[in-house]
There are 2 protein chains.
Amino acid sequence: MNVTAFKRRKEFGKTLASDIAHRMRNEIVTCRLKPGEVLKFDTLRLAYGASFTTLREALTCLAAEGLVVAEEQRGFKVAPISLSDLIDLTRARILIEVDLIRRSIENGDDDWEIAVISSIHRLGIIEGREIEDYADNPEWKAAHREFHESLVAACGSPTLLGIRQSLFERAERYRNISARFRPRPRDKAGEHRALMKAAVGRDADRACELIAKHIQSTTDNVIKHASELFSQN
Amino acid sequence: MNVTAFKRRKEFGKTLASDIAHRMRNEIVTCRLKPGEVLKFDTLRLAYGASFTTLREALTCLAAEGLVVAEEQRGFKVAPISLSDLIDLTRARILIEVDLIRRSIENGDDDWEIAVISSIHRLGIIEGREIEDYADNPEWKAAHREFHESLVAACGSPTLLGIRQSLFERAERYRNISARFRPRPRDKAGEHRALMKAAVGRDADRACELIAKHIQSTTDNVIKHASELFSQN
DNA sequence: AGCGGTAGTATTTTCGAAAATCTGGTTCTG
DNA sequence: CAGAACCAGATTTTCGAAAATACTACCGCT
C-alpha cells in the first residue's frame with residue numbers, strides 16, 4: 001500500500017472505507033457537503049483519493065445511517081433536510097432518549113454517576129475558555145456528545161443505544177442550523193447542569209421531562225426562525 | 001449483461017448487490033446460515049456467483065441491519081443469537097411498536113382501516129388452508145408481516161417505521177426458534193384478531209397493551225423452553 | 001518443555017478497467 | 001406537431017487481479 005493511504009488510514013478506523021465514511025459523515029453533518037447534493041463517483045474519487053468500490057462501501061454505510069440516500073442505478077446524494085424530517089426525527093429521538101435515560105437512572109452505578117459528573121465538568125471547562133460561539137468548536141461538540149452519551153450509558157440496551165447514536169448524528173445538521181439562527185443565546189449550560197442534577201439525584205421523572213424539553217427546544221427554534229431554509233415539506 | 005445476471009437481478013431489487021443482500025437476509029433469518037457462522041468471501045463467491053466487491057456491499061448493508069457483524073480486517077460473520085440479545089431486542093421493539101400503534105390509531109383514516117382488515121383477512125385465508133404448521137410457510141410469514149405493518153402504517157413516522165422494520169427482521173430468527181420449541185400451539189390468530197379489533201375500534205390503550213403482550217409472549221416462550229440453545233449470556 | 005519470533009498460507013481489502021445502465025437530445029414516424 | 005425510438009455521452013455497477021493484512025505452524029532458543 002502506498003504511503004498516503006497508510007497515513008490516511010491511521011486517522012480513523014482500520015479500513016480505508018470506514019475512514020472515508022467517517023470523514024464524509026463529518027462533512028455532511030457540518031454541511032460542507034450540502035443537503036441534497038448529488039455525490040458523483042468521479043468527484044468523490046478526486047476528493048478522497050479512493051476507488052469506486054471503496055467509496056461505494058462508505059456510502060452504503062452512510063445510507064444505512066440516513067445521512068445519504070441511495071437511488072438504485074442513479075447514484076447517491078446527501079440526505080436532504082426538511083421540516084417534516086426534523087419533526088419526525090425529533091419525535092423519534094424523544095421517544096428513545098426518554099426511555100434510555102430512565103433506565104440508565106435505574107441501573108446506573110457509582111461509576112456511571114462519576115462519568116456523568118466528569119463529562120459535564122469537561123464541558124464546563126471548554127465553555128469557560130471561550131465565552132461565545134463555543135457551539136461551533138469541534139472540541140465542545142465532542143464533549144457535548146460525550147455528556148449526553150454518559151447520561152444514557154447505563155441503560156443496558158445496546159440496540160437502542162446504537163439507534164440513539166445514529167439519530168443523534170442525523171440531528172447534528174439541524175443543531176447547527178438552530179445555532180446560526182437563534183435570536184439570543186440559549187442557556188444550554190444551565191439545561192445540562194439541571195439534567196446532570198436530576199440524573200445523579202435519581203429523579204427519573206424530572207430527567208425525562210428535561211431531556212424531552214432539551215431536544216424539543218432546538219426543533220422549536222428551527223421551526224420558528226429558520227423555516228424559510230426549507231422548501232415546503 | 002449476461003443472461004444469468006439478468007435473471008438473478010430480476011428476482012429482487014434493481015442491483016445485484018441488493019438482490020444478494022435480500023437473498024442472504026432470507027438465509028440468515030431462516031437460520032440456513034447459522035448464527036455466528038463465519039462468512040468467507042471465497043465460499044460466498046461460489047454460493048452467490050458474485051464478486052468480492054458486490055458481496056462486500058451486500059454484507060455492509062446487512063451489518064447495518066444487525067443481521068451480520070463486521071470485524072474490521074477480520075471479515076464478516078452471521079450475527080450470533082443470545083438470550084441477552086433477545087431481551088434487548090424485545091424491549092426495543094415494544095417501546096417503538098407501542099408508540100407507533102398508538103399514533104397510527106390516532107391518525108389512521110378509512111383507507112388505513114381497510115388495509116388492516118384486508119391484511120388480517122388474507123392471513124386468515126392462509127391459516128384456514130393448512131391446519132397446522134402454517135408458521136413455517138413463507139406465504140404466511142409474508143402475510144403476517146404485512147398485517148403487523150398495516151397496524152402501524154398510519155403512524156406518520158418514516159424514521160421509526162424503518163427502525164421498526166429492521167428490528168422485526170432481526171426478531172425473525174427468535175420467532176422461528178419459539179415456534180419449534182413451543183409445547184402447545186399458541187392462539188396467534190386470536191391475538192391478531194383482538195389487535196385488529198382494538199385498532200379499528202380506535203381503542204389505543206388496549207391495542208398498545210395487546211401488542212406489547214404479543215411481542216413479549218414469544219420472548220417468554222423462548223426463555224422458558226429454549227434457553228439451552230444459547231451458551232450463557 | 002515453553003516461548004518468541006518468523007516464514008508461508010489464507011483471507012480480507014483495495015484498485016482501475018470493463019460492462020451495464022441512465023440521461024438528454026435528436027431524428028424519425030404517424 | 002406530438003410522441004416514440006434511438007443514439008452518444010455521462011454515470012453507476014460489477015468484475016477479478018493485486019496489495020495489504022491476519023492467521024498458522026514451524027523453528028530455534030532459553
Side-chain angles (χ1 to χ4, degrees), chain A residues 1-25 28 33-34 36-64 67-79, chain B residues 1-25 28 33-34 36-64 67-79:
Chain A
M1 182 191 278
N2 66 51
V3 177
T4 316
F6 184 76
K7 262 197 200 159
R8 183 182 302 129
R9 177 168 304 179
K10 277 287 167 191
E11 289 177 29
F12 174 81
K14 285 178 101 181
T15 69
L16 184 54
S18 65
D19 183 51
I20 288 177
H22 185 249
R23 289 199 284 156
M24 285 185 65
R25 187 169 15 245
I28 292 173
L33 285 171
K34 298 266 177 306
E37 184 174 343
V38 176
L39 298 165
K40 294 213 190 81
F41 280 101
D42 279 330
T43 318
L44 295 175
R45 217 148 73 87
L46 209 61
Y48 295 94
S51 75
F52 298 110
T53 314
T54 308
L55 289 165
R56 182 160 251 280
E57 186 181 333
L59 287 168
T60 304
C61 258
L62 295 172
L67 290 177
V68 318
V69 291
E71 289 168 291
E72 301 206 322
Q73 309 282 23
R74 296 182 53 188
F76 295 82
K77 65 180 181 186
V78 178
Chain B
M1 179 193 280
N2 67 51
V3 177
T4 316
F6 185 75
K7 262 195 198 161
R8 183 184 301 130
R9 179 167 302 179
K10 277 288 168 190
E11 289 178 27
F12 174 83
K14 285 178 105 181
T15 69
L16 184 54
S18 66
D19 183 49
I20 288 177
H22 185 248
R23 288 199 285 156
M24 283 186 64
R25 191 179 294 119
I28 291 173
L33 285 171
K34 297 267 178 303
E37 185 174 342
V38 177
L39 298 166
K40 293 212 190 81
F41 281 101
D42 278 331
T43 317
L44 294 174
R45 216 148 73 87
L46 209 61
Y48 295 94
S51 75
F52 298 109
T53 313
T54 308
L55 289 165
R56 183 159 251 280
E57 186 180 334
L59 287 168
T60 304
C61 259
L62 295 172
L67 289 176
V68 316
V69 290
E71 290 168 291
E72 301 206 322
Q73 308 283 24
R74 296 181 52 187
F76 295 82
K77 65 179 181 188
V78 179

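In what follows, chains carry the letters A, B, and so on, assigned in the order in which the sequence lines appear, proteins first and then strands, with residues in each chain numbered from 1.
- The distance from atom CG of B/Leu59 to atom P of C/dT12 is 10 Å, rounded to the nearest whole Å.
- Taking atom CG of B/Asp42 as the reference point, atom P of C/dT9 lies 16 Å away to the nearest angstrom.
- The CG atom of B/Leu16 sits 14 Å away from the C1' atom of C/dT21 (whole-angstrom rounding).
- A heavy-atom distance below 4.5 Å is found between the side chains of B/Tyr48 and B/Leu55.
- You'll find the side chain of A/Val78 stays beyond 4.5 Å of the side chain of A/Leu67, heavy atoms only.
- Comparing C/dT11, D/dT11, D/dC15 against the side chain of B/Ala50 picks out D/dC15 as the nearest.
- B/Gln73 and A/Thr15 share no side-chain donor-acceptor pair at under 3.5 Å.
- The two atoms that bring B/Cys61 and A/Thr60 nearest to each other are SG-CG2, 3.8 Å, heavy atoms only.
- Per the geometry, CD belonging to A/Gln73 stands 19 Å off P belonging to D/dA10, to the nearest Å.
- To the nearest angstrom, C1' of C/dT14 lies 15 Å from CZ of A/Phe41.
- At the phosphate of D/dC23, OP1 or OP2 sits under 4.0 Å from a side-chain N or O atom of B/Arg74.
- Distance CG (A/Leu44) to C1' (D/dT11): 12 Å, rounded to an integer number of Å.
- When rounded to the nearest whole Å, the span between CZ of B/Phe76 and P of C/dA10 equals 22 Å.
- When the side-chain nitrogen and oxygen atoms of B/Thr54 are compared with OP1 and OP2 of D/dC15, one or more of them lie within a distance under 4.0 Å.
- Each of A/Glu72 and A/Ser51 lies near DNA chain C, and the nucleotide nearest A/Ser51 is the one positioned closer to the 5' end.
- Dashed line: the shortest gap from a side-chain N or O of A/Lys14 to OP1 or OP2 of C/dT12 is not under 4.0 Å.
- Residues A/Arg45 and B/Phe52 both approach DNA chain C. Their nearest nucleotides, taken by heavy-atom distance, put B/Phe52 toward the 5′ side.
- The separation between A/Lys77 atom NZ and C/dC22 atom P is 17 Å, rounded to whole Å.
- Using a 4.5 Å heavy-atom cutoff, the side chains of A/Phe41 and A/Leu59 are in contact.
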